[in-house]
Amino acid sequence: MQSKNISRLLRALARQGLDVQYNNQSYSARWVDSPDAPIAEVLLPASFPVEAKALKQLANLANAKHPKGGNICHVCATPDFHPGDAGVAIGSVVQTSGQVIPAAVGSDINCGMRLHVADLSAEKFLARRDRFVELMKGDFFFGKRDVTMAARTMKALFQDGVTGWLDSMLDKSTGNFVRSDINQIATEIDRIFLNGSMSGHIKWAPQELVPESGLVRDGGLATIGGGNHFVEVQWVEQITNPKLAYRWGVKKGQLAFMIHSGSRNVGKYIGGMWRDWARKLWSEGLKYPDSRLFPLSSITHPESVTDYLEAEATAANYAFVNRLLLAELLRLRLRQVYGDLEAPLVYDLPHNITLPEGQGWVTRKGACPAHVGQPVIIPGSMGTPSYLLMGLGNSDWCCSASHGAGRLRSRFDLSRKGNRESEDKLGLTGVDCITLRAERRIEEAPAAYKPIAPVIDVQVRAGLVQVVARMHPILTFKA
DNA sequence: ATGTGC
């Protein structure tokens with residue numbers, strides 16, 4: 001089944017010291033001169049292209065054992081596998097003990113997905129689409145927003161995520177939330193991974209966002225962000241597992257609202273800070289790794305690992321609240337345009353995060369946790385379906401699933417060549433995408449991504465996930 | 001990923 005191109009690629013990699021084999025829907029990769037490193041595996045259909053850069057990055061990750069303590073236990077990658085800018089491939093999952101690798105998460109801390117549904121037909125939605133778009137434009141059309149928030153609320157959300165934010169919205173004298181719509185948010189907390197609350201600390205947050213008292217002007221909360229991030233209105237076109245779908249509140253014909261966003265500038269700030277610190281900690285008589293991956297050892301520097309995890313959690317908390325507030329904007333406008341709709345949360349889960357699992361940690365970069373029975377949300381693109389699935393907790397793949405279809409063509413390639421390609425060739429025919437930046441529509445066109453169906457299919461066949469429902473895009477908002 | 005950039 002392998003094409004000549006792939007065979008040629010594997011031979012070229014072998015000459016560079018990277019042993020890559022393909023069988024049974026997966027590549028295995030290992031640097032020949034590192035026989036003790038675990039063999040990295042990539043789940044990928046034979047018909048899909050694979051890039052040398054991404055394979056090298058994954059083998060480097062398997063090679064990122066801390067020389068003075070710590071272990072790489074397991075490295076794998078999901079079918080949305082493609083090269084990353086910072087030396088770690090998107091779709092990588094690494095299980096470690098005695099060490100964590102800040103670069104394996106990077107800057108986009110707690111990038112994740114959130115899904116709501118509403119009892120509203122596509123027909124009724126489209127009848128007032130223009131009014132809805134007009135209102136959402138006002139909400140979304142700026143990369144920055146000036147949210148004015150009490151400093152104590154900001155502090156609470158950095159330290160405790162959604163729980164902290166809810167606590168700060170409580171009127172202590174009456175025991176009620178300051179606004180009645182917050183009641184619904186509180187009842188939905190069990191539908192957020194880790195309840196949207198991790199152990200963070202304000203000392204890791206950008207200083208200007210955590211004054212002692214007063215008000216904070218924040219430009220990141222309740223904004224979508226760039227790249228592949230979006231807010232999308234979809235239609236539930238197929239239910240594959242009715243029992244689970246009903247249990248999770250999803251029905252055929254409903255409208256779905258999907259949010260893909262992360263920790264914005266906070267993750268950039270904290271991720272960048274720790275990328276630099278990990279490198280500095282490394283310079284204590286150790287040879288610099290060529291891969292630019294600098295693991296922190298919990299054996300030689302235990303405080304560095306607890307500090308990093310606390311810092312990562314601080315950004316993760318911000319991301320959970322960011323998605324929550326984006327969803328509240330959506331619900332507000334839906335109610336304004338379509339009347340009293342509940343639009344309940346189905347699930348919110350991170351796909352860029354380090355979690356304690358097994359004897360150590362699992363770091364996923366562009367990969368969803370997919371533990372047994374857990375809801376998993378995998379978006380396609382603005383012109384192709386997205387999926388709601390259930391995790392099967394497959395330990396061969398570190399209990400993970402892909403976070404999307406995976407990029408096929410770079411943003412740069414599309415901004416340079418895409419503008420000269422036809423709408424049809426870009427897969428944009430019939431796509432309703434609202435964005436102020438025309439190039440975003442090109443860079444994020446369906447042709448930028450792998451076809452989602454085989455990506456889902458290979459994960460179902462390999463026993464990572466089970467499909468619960470499929471949603472078709474109606475309207476996409478890009479920043 | 002980031003109001004970015006070969």
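Each chain gets a letter, A, B and so on, in the order its sequence line appears, and its residues count up from 1.
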- Message: Using a heavy-atom cut-off of 4.0 Å across all strands, would you classify Gly262(A) as base, sugar-phosphate, or nothing?
- Response: nothing

When rounded to whole Å, the CG to P distance for the pair Leu221(A) and dT2(B) reads 13 Å

Atom NE2 of His229(A) and atom C1' of dT4(B) are separated, to the nearest Å, by 14 Å

If you count every heavy atom of other residues, nucleotides or ligands that lies below 6.0 Å from Gln16(A) atom CD, does the total exceed 12? yes

Centroid-centroid under 6.0 Å between Phe81(A) and Phe48(A) rings: no

Picking from dT2(B), dC6(B), dT4(B), the nucleotide nearest the side-chain atoms of Lys268(A) would be dT2(B)

Separation of dT2(B) atom C1' from Glu444(A) atom CD, nearest Å, is 14 Å

Does Asp85(A) reach a base, just sugar-phosphate, or nothing at all? Heavy atoms under 4.0 Å.
base

Glu439(A) CD to dG3(B) P, in whole Å, measures 14 Å

note: Trp274(A), atom CH2; dT2(B), atom C1'; distance rounded to Å ~ 21 Å

Original post:
Contact class for Arg437(A) (heavy atom, under 4.0 Å): base, sugar-phosphate, or nothing?
Top reply: base

TODO: Give a yes-or-no answer on whether the side chains of Gln374(A) and Tyr347(A) include a donor-acceptor pair shorter than 3.5 Å.
DONE: no

| message | Over all strands shown, is Gly106(A) touching base, sugar-phosphate only, or nothing at heavy-atom distances under 4.0 angstrom? | response | nothing

- Message: Less than 4.0 angstrom between a side-chain N/O of Arg264(A) and OP1 or OP2 of dT2(B), yes or no?
- Response: yes

Donor-acceptor pair under 3.5 Å, Arg440(A) side chain vs dG5(B) base
no

Are Glu51(A) and Lys53(A) within salt-bridge range, i.e. N to O under 4.0 Å? no

When rounded to whole Å, the CZ to C1' distance for the pair Arg407(A) and dT4(B) reads 13 Å

Q. Between Lys137(A) and Glu134(A), is the closest basic N to carboxylate O distance under 4.0 Å?
A. no

Rounded to whole Å, CZ of Phe412(A) lies from P of dT2(B) at a distance of 20 Å

From CZ of Arg411(A) across to P of dG5(B) the rounded distance in Å is 12 Å

